[in-house]
Amino acid sequence: MTAPTHTPSSHTPTMPTSAGGTLHEPVIDWFDAHARDLPWRRPEAGSWGVMVSEFMLQQTPVNRVLPVYEQWLARWPRPADLAKEAPGEAVRAWGRLGYPRRALRLHGAAVAITERHGGDVPTEHAQLLALPGIGEYTAAAVASFAYGQRHAVLDTNVRRVLARAVTGVQYPPNATTAAERRLARELLPDDERTASRWAAATMELGALVCTAKNETCQRCPIAAQCAWRLAGKPAHDGPARRGQTYAGTDRQVRGKLLAVLREALAPVPQAVLDRVWDEPVQRARALDGLVSDGLVEPLPGGLYRLPLT
DNA sequence: TAAACGTGGTT
DNA sequence: TAACCAAGTTT
């Protein structure tokens, strides 16, 4: 649909409202036409559904989250339902999503919500931020997606979209900068409802079209205005991202240990855990780490299990 | 600020 | 195949 291009009067190219004025409508229209039908976007998900999805989506792809999300919400439809479970049950139900401390923190957040907020996911950004496992991104995402508030929601997708469309570079910096936050705030539509749709739309655009590799500019609603594309899509010049090695790390050992405990119905003898890794020093360090993180509970007699408390 | 923290699909 | 990538948070 060709909407009237109410061109801003400003001529300064650095004027953020100018950039936003040309981006908001096409991106939101694209979102309305192409957004995925994800369960946490349906009205029946509620704020708890949104919050659970945000925890699970921290560093884990949508396709792997979907089945676990459905099981989780069916089993614990409200924060209080999760709060009265043993934390180890949350770790077990987390399955193979990775970074199982998120499960522990989500359980802790449910406890805090039950104790401090009457069982309802808080509506204020500051209250959300105070919950375990919720940082700047997740607080803004829950406030925006669950409650329709106006917040800059700056995740890896949005950062990449803004880096390309506005800044004209292929990739954002390794760590989020103050300049990125400022830009995201400046681009935020004034209207609350429009701002929350903008947040979801830019995230979806980064996830589906403006991807890290093999971006499909033919399907991009703002390709004509994209600074990176207009510059000839120059390759990233800065330092390459440090690759995350995994094989042979403590993380891998922790993963193997926890996998055994997730499947076990009864406390597991140390000897059984010993079979997952042959190097004893690293194995012991990994197990100690899991215990000190609260992911594993040691019992008398050299037995281990997921935490009951 | 950097490093730790899981897991599996894709290139 | 090794490296990269995926809706980050915490210390």
Side-chain angles (χ1 to χ4, degrees), chain A residues 31 35-36 38-41 45 49-69 91 94-106 108-109 128-146 151-161 170-178 180 184 196 199-208 210-215 236 239-262 276 282 285-286 288-290 292-296:
Chain A
F31 182 68
R36 290 167 291 180
L38 300 171
W40 44 85
R41 286 179 177 162
V50 171
M51 184 175 141
V52 169
S53 77
E54 290 301 337
F55 268 79
M56 293 182 173
L57 288 164
Q58 290 170 1
Q59 301 286 279
T60 301
V62 166
N63 287 335
R64 283 174 41 210
V65 164
L66 283 169
V68 182
Y69 171 87
V91 174
W94 197 254
R96 310 187 66 81
L97 290 182
Y99 291 145
R101 288 192 289 198
R102 292 181 292 165
L104 224 43
R105 290 171 181 154
L106 180 51
L128 290 162
L129 197 55
L131 297 174
I134 294 192
E136 181 56 41
Y137 161 76
T138 303
V142 173
S144 182
F145 302 153
H151 293 282
V153 179
L154 205 50
D155 79 322
T156 188
N157 290 305
V158 176
R159 294 181 63 216
R160 188 173 53 249
V161 168
Q170 186 178 21
Y171 296 120
N174 279 314
T176 306
T177 63
E180 286 183 275
S196 67
T202 46
M203 197 174 306
E204 190 79 335
L205 187 62
L208 298 183
C210 194
T211 48
K213 304 203 167 187
N214 302 318
E215 69 280 356
H236 183 66
R241 259 203 242 191
R242 191 187 305 112
Q244 38 181 345
T245 55
Y246 181 65
T249 61
D250 286 7
R251 271 154 90 175
Q252 184 182 22
V253 184
R254 288 166 57 108
K256 286 179 176 294
L257 290 169
L258 213 51
V260 172
L261 294 168
R262 271 199 312 265
V276 308
Q282 187 178 29
R285 186 173 64 230
D288 284 349
L290 288 171
S292 61
D293 286 346
L295 283 163
V296 171

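This structure is a prediction, so every number in the text was calculated from the model and none was measured. Proteins get letters first, then strands, A, B, ... in listed order; numbering begins at 1 in each. The figures here come from the full heavy-atom set of this structure, side chains too, leaving out hydrogens, waters and symmetry mates.
Toward the 5' end of DNA chain C, the nearer of the two residues A:Leu131 and A:Trp40, judged by each one's closest nucleotide, is A:Trp40. Nearest-nucleotide assignment on DNA chain B puts the 5′-proximal partner with A:Gln59, out of A:Asn214 and A:Gln59.
Counting any heavy atom pair closer than 4.0 Å across all strands shown, A:Gly135 reaches sugar-phosphate atoms only and no base atom. The residue A:Phe55 sits apart from the nucleic acid: no heavy atom pair falls under 4.0 Å. Using a 4.0 Å heavy-atom distance criterion, A:Arg64 is classed as a base contact. Residue A:Leu97 is in base contact, counting any heavy-atom pair closer than 4.0 Å across all strands shown. A:Leu104 comes within 4.0 angstrom of no nucleic acid atom, judged by non-hydrogen atoms across all strands. Across all strands shown, A:Ser53 has no heavy atoms under 4.0 Å from either base or sugar-phosphate atoms. Among the atoms of the strands shown, none is found under 4.0 Å from any heavy atom of A:Ala141. Using a 4.0 Å heavy-atom criterion, one finds that A:Gln252 contacts no nucleic acid atom at all. Within the nucleic acid shown, A:Arg36 comes within 4.0 Å of at least one base atom, counting heavy atoms only.
Partners of A:Val253 according to the side chain to side chain contact (heavy atoms under 4.5 Å, CB included) rule, which considers only residues two or more places apart in sequence or in another chain, are A:Leu257, A:Trp277, A:Gln282, A:Ala286. Checked against side chain to side chain donor-acceptor pair (under 3.5 Å), A:Tyr69 has no partners two or more places apart in sequence or in another chain.
The OH atom of A:Tyr137 sits 3.5 Å away from atom CD of A:Glu54, with the distance rounded to the nearest 0.5 Å. Rounded to the nearest 0.5 Å, atoms CZ (A:Phe31) and CD (A:Glu204) are 5.5 Å apart. With values rounded to the nearest 0.5 angstrom, A:Lys213 atom NZ is found 9.0 Å from A:Gln170 atom CD. One distance of note links CG of A:Leu290 with CZ of A:Arg101; it measures 9.5 Å at 0.5 Å rounding.
For C:dT10 and B:dG8, the C1' atoms lie 24 Å apart once the distance is rounded to whole Å. Comparing the same atom, P, in C:dA2 and in B:dC5 gives a spacing of 22 Å after rounding to whole Å. Going from the P atom of C:dC4 to that of B:dA3 covers 16 Å, rounded to whole Å. The P atoms of B:dA4 and C:dA7 are separated by 23 Å, rounded to the nearest whole Å.
Counting to the nearest Å, the P atom of C:dA7 and the CE atom of A:Met56 are 17 Å from each other. The distance from atom CG of A:Asn63 to atom P of C:dA7 is 11 Å, rounded to the nearest whole Å. Protein atom CG of A:Asp155 is 10 Å distant from nucleotide atom P of C:dA6, rounded to whole Å. For the pair A:Tyr246 OH and B:dC5 C1', the interatomic distance rounds to 10 Å; values are reported in whole Å. If you measure from atom CH2 of A:Trp94 to atom P of B:dC5, you get 17 Å, rounded to the nearest angstrom. What separates CG of A:Leu295 from P of B:dC5 is a distance of 11 Å, to the nearest Å. Atom CZ of A:Arg160 is separated from atom P of C:dA7 by 6 Å (rounded to the nearest Å). Rounded to an integer number of Å, the gap from CD of A:Gln58 to P of B:dT7 is 16 Å.
Nearest to the side-chain atoms of A:Pro61 among the listed nucleotides C:dA6, B:dT7, C:dG8 stands C:dA6. Closest to the side chain of A:Val62, out of C:dA7, C:dG8, B:dG6, is C:dA7. Listed candidates were C:dA7, B:dT7, C:dC4. Nearest to the side chain of A:Lys213 is C:dC4. Taking the side chain of A:Arg262 as heavy atoms from C-beta on, and the options C:dA7, B:dT7, B:dA4, the nearest nucleotide is B:dT7. Out of B:dG6, B:dC5, C:dA7, the shortest distance to the side chain of A:Glu204 is found at C:dA7.
Looking at A:Tyr99 and A:Gln59, their side chains come closer than 4.5 Å, going by heavy atoms from C-beta outward.
Put simply, A:Tyr137 has no side-chain N or O that comes within less than 4.0 Å of OP1 or OP2 on C:dT9.
Scanning atom types as modelled, one donor and one acceptor separated by under 3.5 angstrom connect the side chain of A:Thr60 and the base of B:dG6. Taking 3.5 Å as the limit, the base of B:dT7 and the side chain of A:Arg251 contain no donor-acceptor pair of atoms between them.
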